[in-house]
Protein chains: 2
Amino acid sequence: MKPPVIADVARAAGVSVPTVSRVLNGTVPVSAERRARVLAAVRELGFRPNGAARSLAQRTGSMIAVFSGNTTRYGYASTIQGIEEAARQAGYMVVISVVETPDATTVERAIDHALGQPMAGAVVLEFDPAGVAALASMPPWLPAVAAASGGSSDADISHAYMDDRYAAAQATRYLLDLGHSTVHHVAIPSTGTESARLLGWRDALRDAGVPQPPVIRADWDPMSGYDAGAALAKDAGVTAVLAGNDELAVGIMKALADHGRSVPADVSVVGFDDHPLSQLWSPPLTTVRQDFVKLGHQVFGLLLGQLETGDARPSVRMIPDLVVRGSTGRPRTA
Amino acid sequence: MKPPVIADVARAAGVSVPTVSRVLNGTVPVSAERRARVLAAVRELGFRPNGAARSLAQRTGSMIAVFSGNTTRYGYASTIQGIEEAARQAGYMVVISVVETPDATTVERAIDHALGQPMAGAVVLEFDPAGVAALASMPPWLPAVAAASGGSSDADISHAYMDDRYAAAQATRYLLDLGHSTVHHVAIPSTGTESARLLGWRDALRDAGVPQPPVIRADWDPMSGYDAGAALAKDAGVTAVLAGNDELAVGIMKALADHGRSVPADVSVVGFDDHPLSQLWSPPLTTVRQDFVKLGHQVFGLLLGQLETGDARPSVRMIPDLVVRGSTGRPRTA
DNA sequence: AATCCAATGATCGACGCTTTCATATCTCGA
DNA sequence: TCGAGATATGAAAGCGTCGATCATTGGATT
């Protein structure tokens with residue numbers, strides 16, 4: 001049992017192959033009568049044009065590759081969802097290419113693999129070192145854009161980015177304004193240089209002329225937030241923490257609670273991302289809301305523009321906003 | 001600037017086009033010296049075979065389509081990750097095709113779109129009505145498998161499934177054994193028939209000869225769990241709740257807390273899925289652990305077997321296990 | 001040294017679709 | 001009524017790759 005091809009349709013409709021093609025693509029007028037015959041044949045046979053042949057003939061694909069790290073993380077999954085929605089709208093399919101580590105072999109393998117297929121363009125999720133490496137290895141002839149958090153490493157490529165540096169500074173200032181003498185930071189893994197969130201936190205502390213506590217490094221696992229929180233809990237001087245993301249914030253809060261320090265009475269905690277569960281926490285988490293789905297829409301829009309006009313669009317900046325909930329308050333002594 | 005083609009490589013290496021093809025595919029012996037020249041040319045030009053031409057010529061793709069609902073939900077995202085890992089291992093790319101609703105138009109569009117590309121096979125995430133509908137519309141010539149939770153609607157297609165019915169019954173019995181007089185259930189959206197989780201819950205209650213409270217219907221949004229929890233909180237007779245998933249459980253627990261009922265002292269709550277954050281809750285959530293990543297591996301294995309041997313593999317059953325943490329305990333009066 | 005048999009390289013179509021290009025048909029104004 | 005222009009349609013030529021068929025070379029055999 002094989003799928004029907006265009007010749008089968010042509011035969012069934014009693015027309016030539018190109019005529020069928022013209023009806024399907026609607027570029028050239030076809031008489032109403034033949035058009036009807038063709039459409040009827042298409043429906044009857046359940047014909048679906050062969051994408052491989054199609055992209056071979058018009059030397060352009062209708063798929064876009066998304067290079068991403070672990071797709072189960074909230075920010076990644078949401079951004080991909082946004083890209084997929086926008087792509088589907090525009091008639092493109094999304095191919096996921098996971099790049100787990102930034103080493104050359106892994107990156108090359110992923111790119112080779114993806115670009116072995118007929119791709120119209122690529123979106124790189126430049127949220128981690130692997131993304132940065134992938135971006136650096138993109139072949140020049142492939143239209144590509146990047147979604148980033150806090151600026152891109154590659155100025156030649158247009159990108160949509162969350163201004164996390166600005167937002168982190170804002171969140172830090174908010175804590176400072178509440179009366180906290182300083183703010184600690186538990187950082188997510190960096191993209192090679194320091195994460196924009198860390199940079200913004202540092203900016204705010206510097207501008208306020210406040211001492212900078214040492215950065216606590218965590219990985220993507222919420223449990224590493226727990227470990228960081230446990231360390232923080234032992235230091236009575238800690239009254240405010242900016243977490244690199246909500247998962248980490250949750251781990252931190254749990255550790256704090258387990259060590260007898262209450263949130264927000266003893267310690268204020270601010271997260272990052274506005275994870276769907278963060279508002280259901282006790283207390284509800286104050287966090288920096290990131291609209292990743294919209295970021296996905298935007299970055300795909302950039303790519304689409306590039307695909308249609310041929311030249312790159314200027315980058316798009318998105319500003320996350322602070323959502324104040326129950327996990328932050330004035331320090332005891334203020 | 002255009003990507004190099006095989007003819008460019010042949011010219012650069014001073015050999016014929018088929019020779020390059022043979023070096024690349026390694027089917028027929030080629031002299032060591034020419035082979036070296038070809039490989040050098042490939043590397044230098046950055047040549048990558050055109051997938052469209054390739055799949056057209058050998059009429060088989062190296063991509064597999066995954067039909068899924070909203071990809072940001074934990075179970076979906078994790079399963080897709082598992083599929084992607086296994087597929088990458090085996091040299092396949094994963095194409096995401098989101099089917100948002102079960103209506104014919106949406107399903108047809110998604111399938112048309114995906115199958116327009118050269119697909120080797122398809123995996124359907126049969127976790128919701130949209131998945132069921134997608135499965136029903138799969139063309140017969142495409143090798144397809146399904147990942148399901150609690151049995152598949154289609155006996156002709158091999159599937160890997162979590163035995164949620166069994167697991168839900170087990171979890172319910174666990175609560176009953178703790179001394180609760182009955183167990184309430186907040187259900188996730190069903191797949192057309194009732195969800196396996198609901199069925200298992202009902203099994204356990206029936207077998208125990210215990211009255212079945214009315215089912216509370218929720219959707220995928222954690223906030224709908226909150227609403228359900230608020231309703232439950234008003235009924236003093238409620239001492240145990242089996243939630244359709246962890247997100248819902250979190251919402252329920254929050255509502256319970258907001259209404260002055262403590263967990264687990266007043267009400268025991270059991271979740272489903274073992275979401276990464278559920279152990280960091282206060283109290284840590286007792287839940288039914290589902291290894292979705294492994295489910296993804298398994299279901300891809302099924303597809304791969306089918307692709308290689310041509311005939312379908314028997315279905316694979318996976319048994320989730322109950323993880324007892326802090327959100328459950330004996331009822332006050334027991 | 002002549003013949004035959006590997007071993008290896010080159011030529012020649014598919015594959016399914018799009019896209020010139022040429023042809024048949026038709027319309028309309030002079 | 002006839003020719004020019006417009007228009008629908010068909011024939012043919014790729015798109016980049018792979019597989020089968022042919023042609024060639026070198027060496028081994030007698």
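By convention in this document, chain letters (A, B, ...) are assigned in the order of the sequence lines, proteins followed by strands, and residues within each chain are numbered from 1.
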Polar atom pairs (N or O), protein with nucleotides 21-27 of chain C, under 3.5 Å:
none

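Classification of A:R109 and A:D112 as a salt-bridged pair fails, no side-chain N sitting under 4.0 Å from a carboxylate O.
Legend: residues meeting salt bridge (Lys or Arg N to Asp or Glu O under 4.0 Å) with B:E33, ordered by chain and number and at least two apart, are B:R37. Judged as a side chain to side chain donor-acceptor pair (under 3.5 Å), and not counting sequence neighbours, the contacts of A:R317 are A:D163. Legend: residues meeting side chain to side chain donor-acceptor pair (under 3.5 Å) with A:N25, ordered by chain and number and at least two apart, are A:S21, A:R54. A:R88 meets the salt bridge (Lys or Arg N to Asp or Glu O under 4.0 Å) test with A:E84, B:E100; sequence neighbours excluded. In terms of the side chain to side chain donor-acceptor pair (under 3.5 Å) criterion, B:S158 has no residue partners (sequence neighbours excluded). Under the rule for a side chain to side chain contact (heavy atoms under 4.5 Å, CB included), A:A40 has no partner lying at least two apart in sequence or in another chain. Here B:T309 pairs with B:D311, B:R313 under the side chain to side chain contact (heavy atoms under 4.5 Å, CB included) rule; sequence neighbours left out.
In this structure, the side chain of A:H113 engages the main chain of B:G91 through a donor-acceptor pair within 3.5 Å. Side-chain atoms of A:R22 never come within 3.5 Å of backbone atoms of A:V28 as a donor-acceptor pair (strictly under, hydrogens ignored). Remark: side-chain polar atoms of A:S137 are paired, donor with acceptor, to backbone N or O of A:A133 under 3.5 angstrom.
Look at A:R54 and you'll find a side-chain N or O under 4.0 angstrom from OP1 or OP2 of C:dT18.
Using a 4.0 Å cut-off on heavy atoms, the residues of residues 32-53 of chain B that approach DNA chain D are B:F47, B:P49, B:N50, B:A53, listed by number. Residues from residues 6-19 of chain B with heavy atoms under 4.0 angstrom of DNA chain C, sorted by number: B:S16, B:P18, B:T19.
Side-chain contact annotation: A:E126 with A:H159, donor-acceptor N/O pair under 3.5 Å absent. Looking only at atom types and distance, the side chain of A:S68 has no donor-acceptor partner in the side chain of A:T71 under 3.5 Å away. Using modelled atom types, one finds no donor on one side chain facing an acceptor on the other under 3.5 Å when comparing B:S190 with B:S195. Residues A:E85 and A:Q81 bring a donor and an acceptor atom of their side chains to less than 3.5 Å of each other.
In 5' to 3' order, the nucleotides of DNA chain D bounding all contacts with chain A (an atom under 4.0 Å from a heavy atom) are D:dA8 to D:dG16.
Nucleic acid contact class of A:V30 (heavy atoms, under 4.0 Å, all strands): sugar-phosphate only.
Inter-axis angle, ends of the helix from C:dA1-D:dT30 to C:dA30-D:dT1, five pairs per end, rounded to 10 degrees: 50°.
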